[in-house]
Amino acid sequence: HAKRRENSICPYTQTMRYALQRRQLMSERLSAAISEQRLQLYFQPQVDLTNGRLTGAEALCRWHDAEWGWVSPGEFIPLAEERGLIRGLGDWVLEESARQLMAWGTQNKQALPGRLSINISAQQFADPELTQHIAQLTAGVPTNAISLELTESDFMRDLDQAVEITHAMRKAGYALSIDDFGTGYSSLAYLRRFATDALKIDISFVREMLDNRHDRTIVQTIIAMAQALEMKTVAEGVETQEQARLLAEMGCNEAQGYWFGRPLPADEFAAMWLSPA
Ligand code: C2E
Ligand code: CA
Ligand code: CA
Ligand code: CA
């Protein structure tokens with residue numbers, strides 16, 4: 001409770017002040033980058049574990065700052081949420097995703113097979129009109145070309161609203177997956193009420209799965225649970241062939257991870273993954 005003088009030289013206070021200043025500066029620069037449309041979208045392949053074929057992709061937001069270089073989404077996404085920038089960012093991600101899907105075409109041979117997965121943050125999910133809003137921002141793209149990713153905690157905030165929105169989304173034709181599954185508190189009973197298509201097994205379980213018996217059991221249980229509820233499973237963060245093989249053996253349907261492919265800018269993604277027209 002000791003009072004500190006304004007110009008205290010306590011190193012802890014200095015570090016805190018510096019961190020706060022950096023966050024303030026970062027939110028100003030991020031805000032400018034969003035409104036000047038200087039963010040980028042990268043695309044990471046999702047593959048069928050039984051045959052290695054492309055089943056879709058996840059759109060991942062990237063930000064390159066002139067002075068700082070690439071800033072991790074792990075840093076700027078939570079900041080955008082905290083500073084009220086996530087709706088603007090999320091709207092841009094939806095528009096840019098739609099623009100890219102249309103550029104690849106929905107009919108021709110270079111079209112993305114399956115669906116493009118788009119991350120939706122809790123604050124976007126709090127909008128009861130979210131489904132219509134998404135449809136407006138992605139006008140021109142069939143709803144069956146889009147899958148929306150939400151985390152468990154987003155669902156748990158307001159259960160009744162979550163049930164309502166997820167049903168509206170499914171009715172409109174969007175697919176829905178629960179991201180980072182296993183890190184939250186969903187119970188089987190809740191899972192049944194949300195009309196979700198897929199569970200994305202969190203990277204932390206996949207990472208430890210080969211060495212840690214408990215993590216392996218968790219992965220196995222998530223797959224069994226999904227099967228019982230007629231949902232698909234997608235494993236995140238698959239980095240090795242051993243992980244891919246074990247997941248396939250366990251009955252996991254799809255995977256995403258560096259073993260199959262890193263997130264890439266649209267043109268590189270298309271050159272590597274989409275067959276030429
Ligand atoms: P996420 O949705 O769980 O996305 C998966 C993250 O795992 C991505 O990190 C991806 O690059 C990374 N990843 C993929 N394969 C591997 C692998 O084999 N090993 C490892 N270690 N990592 C892998 P990224 O792109 O840094 O994004 C971090 C988080 O930021 C995302 O986690 C998501 O929560 C958020 N995010 C990214 N883009 C958006 C966006 O457009 N909107 C929203 N709301 N959130 C986004
Ligand atoms: Ca995701
Ligand atoms: Ca995830
Ligand atoms: Ca995550």
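We count ligands from 1, going down the list as the structure has it; atoms in each ligand are counted the same way.
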So does [X] pair up with [Y], basic N to acidic O under 4.0 Å?
X	Y	value
R23	E82	yes
R29	E36	no
R193	D160	yes
E208	R216	no

Only heavy atoms of [X], strictly under 4.0 Å: list the atoms of ligand 1 that pass.
X	answer
R62	11 (O), 24 (P), 25 (O)
D180	3 (O)
S121	44 (N)
V93	41 (O)
E239	17 (C), 18 (O), 19 (N), 20 (C), 21 (N)
P263	11 (O)

> Short check: any N/O/S atom of D180 below 3.0 Å from the Ca ion (ligand 3)?
Replying inline: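 Given the 3.0 Å cut-off, D180 counts as a ligand of the Ca ion (ligand 3).
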> For the atom pair CG (L79) and CZ (R22), what is the distance rounded to the nearest 0.5 Å?
Replying inline: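 Those atoms lie 10.0 Å apart.
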> Could you give the distance from CG (N119) to CD (E149), rounded to the nearest 0.5 Å?
Replying inline: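 So the gap between those two atoms works out to 5.0 Å.
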Any N/O pair [X]/ligand 1 closer than 3.5 Å:
X	result
E149	no
Q124	no
Q44	yes
W259	no
A59	no

With a 4.0 Å heavy-atom cut-off (strictly under), which part of [X] contacts ligand 1: side chain, backbone, both or neither?
X	answer
C61	both
E236	side chain
D179	side chain
I77	side chain
Q256	neither

For [Y], is there any backbone N or O sitting under 3.5 Å from a side-chain donor or acceptor partner on [X]?
X	Y	result
S72	G74	yes
D197	S177	no
Q124	S121	yes
T138	A98	no
Q123	G84	no

Would you call [X] a ligand 1 contact, heavy-atom distance under 4.0 Å?
X	answer
K200	no
E58	yes
G90	no

>> For a side chain to side chain donor-acceptor pair (under 3.5 Å) check, start with the C-alpha distance between D180 and T183, then their side-chain angles and the critical distance, and finish with the verdict.
In response: CA-CA 6 Å; D180 306 340; T183 59; 5.2 Å; no
>> Evaluate F260 against W273 for ring pair (Phe, Tyr, Trp, His ring centres under 6.0 Å), listing each step before the verdict.
In response: CA-CA 11 Å; F260 298 102; W273 291 95; 8.2 Å; no
>> Check for me whether the distance between the ring centres of W70 and F76 falls short of 6.0 Å.
In response: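 Ring-ring flag for W70/F76: false, centres at least 6.0 Å apart.
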> Considering only N, O or S atoms, which atom of E236 is nearest to the Ca ion (ligand 3)?
Replying inline: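 The atom in question is OE2.
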>> Using heavy-atom distances only, which candidate in L41, L89, L60, T151 approaches atom 4 (O) of ligand 1 most closely?
In response: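 Selected option, by shortest heavy-atom distance: L60.
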> Are any N, O or S atoms from N119 nearer to the Ca ion (ligand 2) than 3.0 Å?
Replying inline: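 Within the cut-off used here (under 3.0 Å), N119 does place an N, O or S atom near the Ca ion (ligand 2).
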> In E58, which N, O or S atom comes closest to the Ca ion (ligand 2)?
Replying inline: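 Among the N, O or S atoms of E58, the one closest to the Ca ion (ligand 2) is OE2.
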> About how large, to 10 degrees, is the angle OD2 of D179, then the Ca ion (ligand 2), then OE1 of E149?
Replying inline: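 About 90°, to the nearest ten degrees.
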>> As a quick check of understanding, evaluate side chain to side chain donor-acceptor pair (under 3.5 Å) for Q44 and Q256, giving each step before the final call.
In response: CA-CA 7 Å; Q44 185 175 35; Q256 204 181 320; 2.9 Å; yes
